[in-house]
Structures are given as structure tokens and as C-alpha cells.
Trainee: 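Let me give you the structure first, and then I'll get to my questions.
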There are 2 protein chains.
Amino acid sequence: MPALDLSTHPGHLARRLQQAHTLLWTTIVSEDVTSPQFAVLNTLVGEDGLDQRTVGERVGLDRSTIAEVVRRLAARGLLDKIRDARDGRRAVLRLTGEGTALHRRLSGRTARMNQIFLAPLSPQERSTFLELLQRVSDAAEELRDPAARPPDEPAP
Amino acid sequence: MPALDLSTHPGHLARRLQQAHTLLWTTIVSEDVTSPQFAVLNTLVGEDGLDQRTVGERVGLDRSTIAEVVRRLAARGLLDKIRDARDGRRAVLRLTGEGTALHRRLSGRTARMNQIFLAPLSPQERSTFLELLQRVSDAAEELRDPAARPPDEPAP
DNA sequence: TCCACATAATCAGTACACTGACTATCTCTG
DNA sequence: CAGAGATAGTCAGTGTACTGATTATGTGGA
């Protein structure tokens, strides 16, 4: 069996893409706040007071990882983690003023980063790229978790 | 500043894509060997006896990470790590028979996995997707490292 | 030849990301 | 109301992935 050409393997390319993105992120957006951390802040800007599990689900982090990320954000005073009075299992997350301010500062930079990241593509190719990325990711996530289904076929 | 729509952010999508891929990999290809580990084996099948640094460069792993991955592969007897006699700094990597056999076994499965991974796209879209992934990754890697340049513009 | 510089690998520290086991809490049903 | 099952979070363990500091070795020029 000869060696395979990994440049035709989407998984391999996905890993390289993500690594390249992380690098760009730290140089252009922030050295202190990572992309997953920003995703959490961004979710809470949209809807403050969500519980930890829901935020994790929205940004694509499992329960263990979201716990770690939240711990770090809380340690830096960017959000507060509060036990839900009505449901003692839940941890409700609330942005601090500092968290909101930081999100505002970084938002503009993420736009600039996306531009640089997608610079090698034409405007047409950019939207194609985003669409294909989304379709493949969505489909693969559904393979794993046939629960959160599209509006048809409500599981038994 | 309102919340951003991260589904238009290629970096966020890249992370989700990679996560989804890892999941598929462990269910379809192997529970024991990870995708980066397979990439190392695959490189050595193509050219046995490369040194650790070169292999890392080929598969896109930095010196620290390739060292970890190699340590694990060596611990499982899939390759041997030998100090280069001619250059005492280098560690030369050689596949064992078991390593070669495992690569052979897994190669077919990676093809099946790629098919499932790309199933939501038409044949046309698949090649577009791979091409765009490659162009964006290559460009971003060059931003970081202006050394390994294309055949024009040899750096000073 | 010796010393400055470069290079390969290692090490410590940080940050995702996942699984499987466990705890605490809630809810529903008998 | 009690116990069964579901749910949210934690914890331990494994595996990338990166930076910055350190160590060992090679190489080229004064």
C-alpha cells in the first residue's frame, strides 16, 4: 500500500486550516482570548443568562470543555457563573461589564481577521467556501447526534 | 455591539469541521490511532528514515507536538526512533513491520471515511471544497512562515 | 582552531477536546 | 410521597497544539 495524498483528505485539511486560523487569531484578534472563548462571550452578548450546557451546545463544545473555558473566563472576570436558584443543577452565565467591553473591542478585529483569512478567494468563492464548510460540518454533527434534527422527521 | 453570526466565520467553522472529523475518524477508521498519528505513518510509508523535524513539517505539526506523537507511536512499536549517526542532533524515524501493516489496514478505511464525510456534497462540490480548503490553508501558512515559498520570489 | 551562530530535540506551562465515571439535583410515575 | 430515571456539572485520564526556555550538536568564519 503506497502512501496516500493527504491533500485530498478533508480531515487533514480541516486540521491544517484550524491551526492556521488559530495562529492568525492570536496575531490579529487577541493573544489573551482564544477563539472558543470569544465564541462563548459572543453567545452571551446575544442572550445573557444562558446556562453553561446550552452555551456549550451553541458554540460546539462538550460539557467538559465548556466547563474549562467558562472557568478561565470567570477567573479573568469576564463573566459570572451563578447557580440557578430555580434549578440547582444549572450554572447560569452572566457577562460582566468587562466581558461586554472586551467583546465589543474584539468584534471589529474578527472581521478584519476574516478578511485576511479569506483574502486568497474571490468574493464568489468566499460564500461558496462558507456554505460548503457549513453543510459538511452540519451533516457530520448530525451523524453523531441524531437528536437536534432539522424541522422534519421528529425522532420517535 | 450586537452578537456576531459565527456561522459566517471560517475559523469557527474550521473548528467545528475538525471536531466532527475527529469523531468520524474514531468511529470509522480507528479508536487507537488518531488522524495526526496516521499522517506520520503515511509520511514514513512514502519515505522511510526521515528525521523527526521533517516529518513534522510535512504533516503540519510543530517540533513539540511531533515529539509527543512520535513518542506515542514508538511506545506502541509502530516506529523506531534512532539517533542519526552522521548528525547527533537528528532523530531518524523508521517504520516497524507492525507500523507498515497498520498503515495498510487503515488506508482503506480512510477512503471510506472521506466518502461519508463528503457525502452531503456533489462530486463537483467535493473537488471545489478540497481546492478551496487547500488554497486558504496554504495562504494562511505562508503568512506565518514566509520561508517555504512557491517557486518564485526566493527570499533574500 | 575556537567561537559565534544555527539547528534538532526536549521540557515546562497553557489551552482546547473527548470519554467514562461520579455527584447532585430534578421530575415523573406508582 | 418514594424511588426510578433523566439531566447538569465535575473529575480523572488521554491526546493534540502552541510558546518560550534550555540542552546538545554542527558549521562556518576570523
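Proteins come first, then strands; the chains are lettered A, B, ... in the order of their sequence lines, and each starts at number 1.
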Trainee: Please identify each residue that fulfils side-chain hydrogen bond (donor to acceptor under 3.5 Å, both in side chains) with B/T22, with sequence neighbours left out.
Mentor: none

Trainee: Rounded to the nearest angstrom, tell me the gap between atom CG in B/L24 and atom P in C/dA17.
Mentor: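 In whole Å, C/dA17 P and B/L24 CG are 17 Å from each other.
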
Trainee: Using atom CD1 of B/I66 as one end and atom P of C/dC11 as the other, report the distance to the nearest whole Å.
Mentor: 16 Å

Trainee: Please report the distance, rounded to the nearest Å, between CZ in A/R15 and P in C/dC16.
Mentor: 19 Å

Trainee: Evaluate the side-chain proximity of A/T54 to A/R58: yes if any heavy-atom separation is below 4.5 Å, no if none is.
Mentor: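 Counting from C-beta outward, A/R58 and A/T54 do come under 4.5 Å.
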
Trainee: Side chains of B/V55 and B/Q52: closer than 4.5 Å at any heavy-atom pair?
Mentor: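 Counting from C-beta outward, B/V55 and B/Q52 never come under 4.5 Å.
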
Trainee: Take A/A91 and B/L61, find for each the nucleotide of DNA chain D with the closest heavy atom, and name the residue whose nucleotide sits nearer the 5' end.
Mentor: A/A91

Trainee: Could you tell me whether A/Q19 contacts a base, only the sugar-phosphate backbone, or nothing, with contacts defined as non-hydrogen atoms closer than 4.0 Å?
Mentor: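 Sugar-phosphate contact only.
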
Trainee: Pick base, sugar-phosphate or nothing for B/R72, based on heavy-atom distances below 4.0 Å to the nucleic acid.
Mentor: base

Trainee: Answer yes if B/L121 and B/I28 sit in the same cluster of Ile, Leu, Val, Met, Phe, Trp and Tyr residues linked by side chain heavy atoms under 4.5 Å apart, and no otherwise.
Mentor: yes

Trainee: Rounded to the nearest angstrom, tell me the gap between atom CZ in B/R83 and atom P in C/dA8.
Mentor: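 Taking atom P of C/dA8 as the reference, CZ of B/R83 is at 12 Å.
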
Trainee: Could you check how far NE2 of B/H21 sits from P of C/dA17, rounded to whole Å?
Mentor: 15 Å

Trainee: Return the orientation label for the A/H103 and A/F38 ring planes: parallel under 30°, perpendicular over 60°, tilted otherwise.
Mentor: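 If you compare the ring of A/H103 with that of A/F38, the planes turn out parallel.
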
Trainee: May I ask you to check whether B/D5 and B/S7 show a side-chain donor-acceptor distance below 3.5 Å?
Mentor: yes

Trainee: Is a donor-acceptor pair below 3.5 Å formed from side chain B/S64 to base C/dT10, judging by atom type as modelled?
Mentor: no

Trainee: Counting the atoms with a prime plus P, OP1 and OP2 as sugar-phosphate, which does B/D62 contact under 4.0 Å by heavy atoms, base, sugar-phosphate, or nothing?
Mentor: base

Trainee: Looking at B/L95, B/L44, B/L79, which hits side-chain contact (heavy atoms from CB on, under 4.5 Å) with B/T100?
Mentor: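 When side-chain contact (heavy atoms from CB on, under 4.5 Å) is applied between B/T100 and each of B/L95, B/L44, B/L79, only B/L95 qualifies.
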
Trainee: In this structure, would A/L93 and A/I82 fall into the same cluster of hydrophobic residues linked by side-chain contacts under 4.5 Å?
Mentor: no

Trainee: Can you give the first and last nucleotides of DNA chain D, 5' to 3', that have an atom under 4.0 Å from a heavy atom of chain B?
Mentor: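 First-to-last contact on DNA chain D, by the 4.0 Å heavy-atom rule, is D/dG15 to D/dG26.
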
Trainee: Would you call A/D84-A/R90 a salt bridge at under 4.0 Å N-O?
Mentor: no

Trainee: Starting at the 5' end of DNA chain C, which residue's closest nucleotide do you reach first, A/V69 or A/D87?
Mentor: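 Checking each residue's closest nucleotide, the 5'-ward one belongs to A/V69.
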
Trainee: If you look at every strand shown and take non-hydrogen atoms under 4.0 Å, does B/R63 touch a base, only sugar-phosphate, or nothing?
Mentor: base

Trainee: On DNA chain D, check which nucleotide each of B/R76 and A/K81 is closest to and give me the residue with the more 5' one.
Mentor: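 Residue closer to the 5' terminus by nearest nucleotide: A/K81.
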
Trainee: Short of 4.0 Å, heavy atom to strand atom, which residues of residues 33-55 of chain A count as contacting DNA chain C?
Mentor: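 Contacting residues: A/T34, A/P36, A/Q37.
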
